[in-house]
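Pasting a structure here, questions to come.
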Amino acid sequence: MPRHRLSKISLLLSSLLASCAPYVASPLDAHPPLAAPSKASLASPPVRSFLNRATINLGQPLDANAIASIAVIANPDLKAKRAREQVTQAQAFSAGLLPDPTFSLGADAVLSGPDPLPNLTAALGLDLNALRTHAVTLAQSKAEVRQARLDLAWAEWQTAGQARLLYVRVLGLQTQVSLDLASRDAQTDILKRTEQAAARGDVDANALQTARQAALSASDTYSATERAFVKARLDLNQILGLPPETTLTLAPASTMAPPLPADRLFAIALDQRMDLAALRAGYDAQEAAVKRAVLNRFPSLNLTVNANRDSSGNMLVGPAVDFTLPIWNRNRGGLAVENATRNALKVEYDARVAQTRADISASVKDIALARQERDRLRASLPQAQAFATATERAARRGDLSPATAEAAAQTLRDAQTQLAKADQDIAELTISLELLTGTPQGHWTP
């Protein structure tokens with residue numbers, strides 16, 4: 001074979017091999033690192049519409065915005081969703097590529113007969129059907145990428161909101177733990193004094209039993225609140241991607257303003273909720289799928305250019321076209337599936353919108369009731385405070401028994417505990433309403 005032909009064949013084989021990417025193994029880590037987020041990642045929080053710029057230092061008190069920022073940065077589930085979103089982008093890249101042409105080469109040796117030459121055949125093929133549906137396939141993939149990005153943004157918003165919920169829950173339980181601890185210590189002290197009095201014969205068995213029940217109840221209440229507080233802290237560390245033993249210092253929560261009317265918040269949700277926008281993007285992708293199914297009802301075309309040199313030395317070149325005959329199938333099944341899927345997506349979107357409106361309306365009513373209860377507790381607190389102060393002074397003068405003074409102090413602590421729970425409820429309900437509207441309260445416009 002001539003040297004120039006060998007060089008051309010070598011060049012062709014080299015180019016084909018160079019176009020093939022090599023396989024690179026990437027095994028799982030049997031013991032993946034579970035460290036806290038790095039200082040570098042915390043130094044530059046992500047830019048999101050629901051986050052304010054802030055410098056995050058885990059050694060300093062963290063406000064709600066800092067907590068939400070850490071959640072968006074370091075939450076393990078969000079990291080996995082970001083990796084999955086890259087898969088969708090790769091699929092869109094793949095959909096934008098045109099199919100490679102096919103090439104075949106064959107040779108038949110003459111075993112007997114007068115013709116001296118081997119029969120050589122070659123064919124170059126091109127899938128015309130892929131070219132015809134390329135535009136709708138690309139449109140579908142772009143809509144799917146948009147949907148994946150919106151789903152990721154919605155997951156980030158939800159995760160940030162859950163972190164803020166746990167933030168106010170930890171603060172609320174922290175206040176309640178301190179009040180329940182004071183109540184437990186006070187009831188324990190009363191029980192000791194009652195036991196001493198019972199030993200001297202100054203009180204009867206009923207008084208001793210009442211003191212024991214009160215001390216046991218106060219201890220149970222404190223234990224339950226303490227367990228809830230510890231669980232809330234662990235849940236907060238988990239959603240932030242921090243080790244369980246991490247102890248964060250939380251800044252006081254800001255005061256929540258009353259919400260807007262439900263109909264105005266519903267209009268905001270329709271415009272701002274990223275899950276609704278993701279559903280609309282998914283519907284656009286399905287519209288493209290329906291269009292592609294319609295195009296596939298027409299005959300699929302494949303063009304092939306054949307070249308042949310027969311054993312007599314005749315050189316033959318000619319095209320060949322093959323296509324399906326739309327007689328029985330005509331892609332009616334595929335079109336029916338795509339139409340049914342599009343209709344299902346439309347119904348699901350309508351259902352999500354209806355659920356959003358109902359949830360917002362119920363949340364606004366719950367917040368109104370919670371604020372009424374908090375206002376009532378605030379109004380009664382000064383009276384309880386004055387009564388506890390007066391009875392304490394009277395007990396120090398000897399005008400009242402210490403038990404009476406402690407009962408008044410316990411009444412004040414109970415009112416303070418109820419007020420702390422009311423504040424926590426309002427904060428959690430307001431954050432939940434923000435999650436329903438898809439944007440922070442500061443972005444609500446009347």
Problem - Close side-chain approach of Leu240 to Leu248, heavy-atom, < 4.5 Å - result: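 Contact flag for Leu240/Leu248 side chains = yes.
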Handout entry: Worked check of side chain to side chain contact (heavy atoms under 4.5 Å, CB included) between Leu301 and Asn129
Key = CA-CA 5 Å; Leu301 297 175; Asn129 191 58; 5.6 Å; no
Practice task
Might you point out which heavy atoms bring Ser300 and Arg132 nearest each other, and give the distance in Å?
Solution key: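 Of all heavy-atom pairs spanning Ser300 and Arg132, the closest is CA-NH2, 4.1 Å.
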Problem - Ser69 (side chain) donor-acceptor with Asn65 (main chain) under 3.5 angstrom - result: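 Confirmed, Ser69 side chain pairs with Asn65 backbone.
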Practice task
State which residues pass salt bridge (charged side-chain N to carboxylate O under 4.0 Å, His left out) with Glu338; sequence neighbours excluded, sorted by chain then number.
Solution key: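 None.
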Practice task
Determine yes or no for a side-chain-to-main-chain donor-acceptor pair under 3.5 angstrom, with Asn339 supplying the side chain and Leu335 the backbone.
Solution key: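 Yes, the answer is positive, given that a donor and an acceptor are paired below the 3.5 Å cut-off.
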Exercise for the section: State whether a side-chain donor-acceptor pair under 3.5 Å links Asp322 with Asn302. Expected result: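 Yes, because at least one side-chain N or O of Asp322 sits under 3.5 Å from a partner of the opposite role on Asn302.
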Handout entry: Pairwise distance CG(Leu242) to CG(Leu234) - rounded to 0.5 angstrom
Key =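 It is 11.5 Å, given to the nearest 0.5 Å.
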Practice task
Before accepting this row, confirm whether a basic side-chain N of the pair Arg374/Asp425 lies closer than 4.0 Å to the acidic partner's carboxylate O.
Solution key: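 Result for this pair is no, no salt bridge flagged.
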Problem - Any donor-acceptor pair under 3.5 Å from Ser223 side chain to Ser219 backbone - result: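 Flag set: sc Ser223 to bb Ser219 pair under 3.5 Å.
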Problem - All side-chain contact (heavy atoms from CB on, under 4.5 Å) counterparts of Thr411, not counting sequence neighbours - result: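 Testing Thr411 for side-chain contact (heavy atoms from CB on, under 4.5 Å), a comparison that skips the adjacent residues, returns none.
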Handout entry: Those residues that, when tested against Arg184, pass salt bridge (charged side-chain N to carboxylate O under 4.0 Å, His left out) (two or more places apart)
Key =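 By the salt bridge (charged side-chain N to carboxylate O under 4.0 Å, His left out) rule, Arg184 matches no residue at all.
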Practice task
Ignoring hydrogens and angles, state whether a donor on the side chain of Thr439 or Trp444 is under 3.5 Å from an acceptor on the partner side chain.
Solution key: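 Note: Thr439 and Trp444 side chains miss the donor-acceptor criterion.
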Exercise for the section: Answer yes or no: is there a side-chain heavy-atom contact under 4.5 Å between Leu166 and Ile67? Expected result: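 They are not in side-chain contact.
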Practice task
Check side-chain contact (heavy atoms from CB on, under 4.5 Å) between Ala358 and all other residues, then give those that pass, not counting sequence neighbours.
Solution key: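 Applying side-chain contact (heavy atoms from CB on, under 4.5 Å) to Ala358 gives none.
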Problem - Residues, nucleotides or ligands: over 12 heavy atoms within 6.0 Å of Arg342 CZ - result: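 Counting neighbours around CZ of Arg342, more than 12 heavy atoms of other residues, nucleotides or ligands fall under 6.0 Å, so yes.
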Handout entry: For the student: nearest non-hydrogen atoms of Leu260 and Thr445, plus distance
Key =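 Here Leu260 and Thr445 meet closest at CD1-O, 3.7 Å.
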Practice task
May I ask you to decide if Arg357's main-chain N or O and Ser361's side chain share a donor-acceptor pair within less than 3.5 Å?
Solution key: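 No: the side chain of Ser361 does not pair with the backbone of Arg357.
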Exercise for the section: Please report the closest heavy-atom contact between Arg413 and Ala186, naming both atoms and the distance. Expected result: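 What the structure gives for the nearest pair is NH2-CB, 3.5 Å.
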Practice task
Give, for atom CD of Gln286 and atom CD of Glu144, the distance between the pair rounded to the nearest 0.5 Å.
Solution key: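 Answer for the CD-CD pair, Gln286 versus Glu144, is 9.0 Å.
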Problem - Sequence-distant partners of Asp375, side-chain contact (heavy atoms from CB on, under 4.5 Å), two or more places apart - result: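 For Asp375, no residue satisfies side-chain contact (heavy atoms from CB on, under 4.5 Å) once neighbours in sequence are set aside.
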Problem - Residue pairs involving residues 161-172 (criterion side-chain hydrogen bond (donor to acceptor under 3.5 Å, both in side chains); sequence neighbours excluded) - result: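 As it turns out, the side-chain hydrogen bond (donor to acceptor under 3.5 Å, both in side chains) pairs with a partner in residues 161-172, which skip direct neighbours, are Arg164-Glu434, Arg169-Glu428.
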Handout entry: Side-chain heavy atoms of Val170 within contact of Phe229, under 4.5 Å
Key =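 Result yes, sub-4.5 Å side-chain heavy-atom pair found.
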Exercise for the section: Ignoring hydrogens and angles, tell me if any N or O in the side chain of Asn75 forms a donor-acceptor pair with the backbone of Ala71 under 3.5 Å. Expected result: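 Not at all, since once roles are kept as given, no pair shorter than 3.5 Å links the two residues.
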Handout entry: Least distance between heavy atoms, Ala214 atom then Gln187 atom
Key =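 Taking every non-hydrogen atom into account, CB-OE1, 3.3 Å.
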Exercise for the section: Check whether any side-chain heavy atom of Asn306 sits under 4.5 Å from a side-chain heavy atom of Thr121, and report yes or no. Expected result: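 Answer no - side chains too far apart.
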Practice task
State, yes or no, whether a side-chain contact exists between Val347 and Leu345 at a heavy-atom distance under 4.5 Å.
Solution key: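 Side-chain contact under 4.5 Å: no.
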Exercise for the section: Flag the pair Arg309 / Asn119 as yes when at least one side-chain heavy-atom distance between them is below 4.5 Å, and no otherwise. Expected result: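 Of all side-chain heavy-atom pairs linking Asn119 with Arg309, none is under 4.5 Å.
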Practice task
Dump the intermediate steps for side-chain hydrogen bond (donor to acceptor under 3.5 Å, both in side chains) on Ser183 and Gln410, then the final yes or no.
Solution key: CA-CA 7 Å; Ser183 298; Gln410 184 60 46; 3.0 Å; yes
Exercise for the section: Evaluate side chain to side chain contact (heavy atoms under 4.5 Å, CB included) for Thr175 paired with Val177, printing each intermediate quantity in order. Expected result: CA-CA 5 Å; Thr175 302; Val177 164; over 6 Å; no
Problem - Within residues 91-108 or reaching into it, pairs that qualify as salt bridge (charged side-chain N to carboxylate O under 4.0 Å, His left out) - sequence neighbours excluded - result: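 Pairs touching residues 91-108 that pass the test: none.
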Exercise for the section: Locate the shortest heavy-atom distance separating Asp180 from Thr225; write the atom from each residue and the value. Expected result: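 Asp180 and Thr225 have their closest heavy atoms at OD2-OG1, 2.6 Å.
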Practice task
Could you name each residue pair satisfying salt bridge (charged side-chain N to carboxylate O under 4.0 Å, His left out) that touches residues 233-254, not counting sequence neighbours?
Solution key: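 For residues 233-254: Lys231-Asp235.
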Exercise for the section: Working to the nearest 0.5 Å, report the span between CG of Leu124 and CG of Leu303. Expected result: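 Spacing of CG (Leu124) from CG (Leu303) equals 8.5 Å.
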Exercise for the section: Identify the heavy atoms of Gln140 and Ala289 that sit nearest to each other, and give their distance. Expected result: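 Shortest heavy-atom separation between Gln140 and Ala289 comes out as NE2-CB, 3.8 Å.
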Listing, residues 87-95 side-chain donor-acceptor contacts under 3.5 Å, not counting sequence neighbours, or none:
{"residue": "Gln89", "atom": "NE2", "partner": "Glu85", "partner atom": "OE1", "Å": "3.1"}
{"residue": "Gln89", "atom": "NE2", "partner": "Glu85", "partner atom": "OE2", "Å": "2.8"}

Handout entry: Modelled atom types, side-chain donor and acceptor of Gln418 and Asp414, under 3.5 Å
Key =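 There is no such pair between these side chains.
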Distance-only check: which donor-acceptor pairs under 3.5 Å involve side-chain atoms of residues 265-279, not counting sequence neighbours?
{"residue": "Arg273", "atom": "NE", "partner": "Asp275", "partner atom": "OD1", "Å": "3.0"}
{"residue": "Arg273", "atom": "NH1", "partner": "Thr356", "partner atom": "OG1", "Å": "3.3"}
{"residue": "Arg273", "atom": "NH1", "partner": "Leu436", "partner atom": "O", "Å": "3.0"}
{"residue": "Arg273", "atom": "NH2", "partner": "Asp275", "partner atom": "OD2", "Å": "2.6"}
{"residue": "Asp275", "atom": "OD2", "partner": "Arg352", "partner atom": "NH1", "Å": "2.8"}

Problem - Where at least one partner belongs to residues 57-84, residue pairs that pass salt bridge (charged side-chain N to carboxylate O under 4.0 Å, His left out), sequence neighbours excluded - result: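 Passing the test, one end in residues 57-84: Arg82-Glu156.
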Problem - Worked check of side-chain hydrogen bond (donor to acceptor under 3.5 Å, both in side chains) between Gln424 and Gln176 - result: CA-CA 10 Å; Gln424 178 185 338; Gln176 296 170 42; 2.9 Å; yes
Practice task
For residues Leu120 and Asn308, determine if any side-chain heavy atom of one lies less than 4.5 Å from a side-chain heavy atom of the other.
Solution key: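 No; the side chains remain at least 4.5 Å from each other.
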Problem - Residues Thr159, Ile239; criterion side chain to side chain contact (heavy atoms under 4.5 Å, CB included); working and verdict - result: CA-CA 8 Å; Thr159 302; Ile239 202 171; 4.0 Å; yes
Practice task
Without swapping roles, check the side chain of His443 against the backbone of Phe50 for a donor-acceptor pair under 3.5 Å.
Solution key: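 No; judged by distance alone, with no hydrogens or angles, the pair does not exist.
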Practice task
Working to the nearest 0.5 Å, report the span between CG of Leu152 and CG of Leu78.
Solution key: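 Rounded to the nearest 0.5 Å, the CG-CG separation comes to 7.0 Å.
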Exercise for the section: Show your working on side chain to side chain contact (heavy atoms under 4.5 Å, CB included) between Leu165 and Ser432 and close with a plain yes or no. Expected result: CA-CA 8 Å; Leu165 277 172; Ser432 298; 4.0 Å; yes
Problem - Spacing of CZ belonging to Arg146 relative to CG belonging to Leu150, to within rounding of 0.5 Å - result: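 It comes to 7.5 Å.
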Handout entry: With sequence neighbours excluded, residues passing salt bridge (charged side-chain N to carboxylate O under 4.0 Å, His left out) with Arg297
Key =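 Result, salt bridge (charged side-chain N to carboxylate O under 4.0 Å, His left out) vs Arg297: none returned.
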Practice task
Flag the pair Leu381 / Leu419 as yes when at least one side-chain heavy-atom distance between them is below 4.5 Å, and no otherwise.
Solution key: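 Of all side-chain heavy-atom pairs linking Leu419 with Leu381, at least one is under 4.5 Å.
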Exercise for the section: Using modelled atom types only, decide if a donor and an acceptor are shared between the side chain of Asn237 and the backbone of Thr246 within a distance under 3.5 Å. Expected result: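 Present.
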